[in-house]
Amino acid sequence: MTASQAELLAEVLAEIGARAAAEADRGRVADYIPELAAIDPSQFGLSVVLADGSQHSVGDAEVPFSIQSVSKVFALAIALGRLGDRLWSRVGREPSGLAFNSILQLEHEQGIPRNPFINAGAIVVTDAALAGHAPREYLGELLRFIRAAASDDDIHINDAVARSETETGHRNFALAHYMRSHGNLENAPELTLGAYFHQCAVEMTCTQLARAGRFLMGAPGMPRMVAPGRVRRINALMLTCGHYDGSGDFAYRVGLPGKSGVGGGILVIAPGRASIAVWSPGLNAQGNSKLGTEAVETLARRMGWSVFG
Ligand SMILES: NC(=O)CC[C@H](N)C(=O)O
């Protein structure tokens, strides 16, 4: 990065931070998971790791938050490592055009979820990643993967969040049981969901998450967790499916692969250039961070980082 680009990035981050602090309409915090309903919506953080390894942050970038569905990216990397392309007989690769927790398509499509990033798809991915192992072993592997990707051992699962979701996760239980009835879940729904809820309850800061995303940048010198061809495909799925029924809008506005979570975090990859983590707990109508989306829209536009040139 040249000195003038570094100057531009510093200017853009300061502008994004100031705008986020002043924003009155911050979206709505997810309240269907009681532990998340209590999060203060005034928070905002953003962190960027560049291809030269430098990291640049603004706002509450050191505050841990629940990464929720951003974890689906790491779970997918692990499941693909275990099963390879056999995974695609159990989950598709098409955008769903429906809410993250929708059950609608499963009946028409023989219990095969549209993609690995909607809840139904991620539950199948976790079920596949378990591959005969106990949830505790899988979660250990997931944490090892994330810690190695982030080069940071201080990343943990928040048990209170996992418990809170287990108690209220009736929709996810319905999805899991429905897929089990179609023979698309190998384990008992309670077992797979136990792993899934804990996976969603991983907590990270923006600085940690941006570092954990480095393996998806496809840039020299970054941690190599999966093969380059797989990195491209995970990015393709993030671009087309990473924001549920808001994926088209995110691609249009930001032009980069991204994966959101209902905790208000988004991991965004500028291939070859940057790994970006943004967090603001208030969500838009599709369950994606409102200020987070606006912030990466500004960042990508000002830095010229769209994958579409
Ligand atoms: N969009 C999300 O982040 C959803 C994840 C959440 N744990 C759920 O299963 O409902």
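Order of appearance sets the numbers: ligands from 1, and atoms from 1 within every ligand.
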Among residues two or more places apart or on two chains, list those pairs meeting ring-ring contact (aromatic ring centres under 6.0 Å, His included) that have a residue in residues 133-167.
F145-F215

Using residues 302-309 as the side-chain source, report each donor-acceptor pair under 3.5 Å to any protein atom, sequence neighbours left out, with the distance given to one decimal.
{"residue": "R302", "atom": "NH1", "partner": "E15", "partner atom": "OE1", "Å": "2.7"}
{"residue": "R302", "atom": "NH1", "partner": "E15", "partner atom": "OE2", "Å": "3.0"}
{"residue": "R302", "atom": "NH2", "partner": "E11", "partner atom": "OE2", "Å": "3.2"}
{"residue": "S306", "atom": "OG", "partner": "F308", "partner atom": "N", "Å": "2.9"}

Protein residues near ligand 1, heavy-atom distance below 4.0 Å?
Y32, Q68, S69, F100, N119, E165, N172, Y196, C200, Y244, G261, V262

Hydrophobic cluster (4.5 angstrom, side-chain heavy atoms) - remaining members for V262:
Y32, I33, L36, F100, I118, Y244, L283

Are side-chain N/O atoms of S151 and R214 paired as donor and acceptor at under 3.5 Å?
yes

Contact between C206 and L46 at the side-chain level, heavy atoms closer than 4.5 Å - yes or no?
no

Determine, for R253 against D249, whether the closest basic-nitrogen to carboxylate-oxygen distance falls under 4.0 angstrom.
yes

